[in-house]
Amino acid sequence: MARESERTIVSRLFELGEDRFNRMVEELVSNPRFADALGRTVQTAMDAKGRVDRNMQTVLSLLNLPSKSDYKKLATKVEALQGSLVNLNIKLDRLLAQQQAPRPERVKRKPPPPKGPGNTSTEL
């Protein structure tokens, strides 16, 4: 029987049309009694959700299971480690590239002969 009354209410709302429905919702929302009741309902729902969240955290803790916030913390740490590994890989690649790059060979020059009083450039 509740289903039939729900269907009739929904069907009546469809029959009213969008304009009339919007006007009815505006009137309902502008009613201070409805706004107060809605505010209390929302506050009660938020309080209930807070209690459920705290209880769930307690249960997960007792069962030694990680919570959603624990997973978020771990994901943040894993992302930081991945960033560090990427930076480390880039640095390693640069070092390997420097080691494998051909180095220009140094040309060894003969030292010039010592200049002095007994040194002559015309030797036999």
Side-chain angles (χ1 to χ4, degrees):
M1 186 165 170
R3 290 264 182 193
E4 289 178 13
S5 65
E6 288 175 12
R7 286 184 184 163
T8 58
I9 291 172
V10 172
S11 62
R12 281 188 57 211
L13 290 176
F14 280 121
E15 290 170 6
L16 288 175
E18 188 174 349
D19 292 333
R20 280 188 166 177
F21 179 73
N22 286 337
R23 274 188 266 144
M24 184 181 72
V25 169
E26 286 175 9
E27 288 176 18
L28 192 59
V29 171
S30 65
N31 184 344
R33 286 181 24 203
F34 176 77
D36 290 342
L38 181 63
R40 285 191 306 269
T41 304
V42 169
Q43 185 61 43
T44 303
M46 289 174 51
D47 292 343
K49 184 186 180 319
R51 285 192 301 269
V52 168
D53 288 344
R54 285 190 303 275
N55 290 339
M56 185 58 70
Q57 183 66 34
T58 303
V59 169
L60 289 174
S61 178
L62 290 173
L63 295 174
N64 200 22
L65 295 173
S67 67
K68 190 174 184 179
S69 64
D70 293 335
Y71 277 117
K72 286 182 181 179
K73 288 177 189 175
L74 286 174
T76 303
K77 289 180 181 181
V78 167
E79 288 174 7
L81 284 173
Q82 285 176 335
S84 297
L85 283 175
V86 167
N87 290 335
L88 185 61
N89 281 334
I90 291 170
K91 290 177 182 178
L92 271 174
D93 289 343
R94 286 180 188 161
L95 284 174
L96 289 174
Q98 286 176 354
Q99 286 180 352
Q100 293 175 354
R103 294 183 183 178
E105 292 184 27
R106 294 184 180 177
V107 178
K108 292 185 180 180
R109 297 181 189 174
K110 292 183 181 178
K115 294 180 182 178
N119 193 4
T120 60
S121 58
T122 56
E123 287 185 25
L124 296 174

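Fair warning: this is a prediction, and the values are worked out from it, not measured in the lab.
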| Taking the hydrophobic residues Ile, Leu, Val, Met, Phe, Trp and Tyr, and joining any pair whose side-chain heavy atoms are under 4.5 Å apart, which ones share a cluster with Met56? | Val59, Leu60, Leu63, Leu65
| request: Decide yes or no on salt bridge (Lys or Arg N to Asp or Glu O under 4.0 Å) for Asp53 and Lys49, but give the supporting numbers first. | output: CA-CA 6 Å; Asp53 288 344; Lys49 184 186 180 319; 2.7 Å; yes
| In Å and rounded to the nearest 0.5 Å, what is the NZ to NZ distance from Lys77 to Lys73? | 8.0 Å
| query | Can you list the residues that meet the salt bridge (Lys or Arg N to Asp or Glu O under 4.0 Å) rule with Asp70, with sequence neighbours excluded? | reply | none
| query | How long is the gap from OH on Tyr71 to OG1 on Thr76, to the nearest 0.5 Å? | reply | 14.5 Å
| Do you see a donor-acceptor pair shorter than 3.5 Å between the side chains of Asn22 and Glu26? | no
| Same cluster (ILVMFWY, side-chain, under 4.5 Å), Leu28 and Val42 | yes
| task | Mind checking the OG1-CE spacing from Thr44 to Met46? Nearest 0.5 Å is all I need. | result | 10.5 Å
| message | With rounding to the nearest 0.5 angstrom, report the CG to CG distance, Leu96 to Asn89. | response | 10.0 Å
| field | Under 4.5 Å side-chain linkage, directly or through intermediates, the cluster mates of Ile90 | value | Val86
| query | For the atom pair CZ (Arg54) and CD (Gln57), what is the distance rounded to the nearest 0.5 Å? | reply | 11.5 Å
| task | Go through Gln43 and Asp47 one step at a time and tell me if the side-chain hydrogen bond (donor to acceptor under 3.5 Å, both in side chains) criterion holds. | result | CA-CA 6 Å; Gln43 185 61 43; Asp47 292 343; 3.1 Å; yes
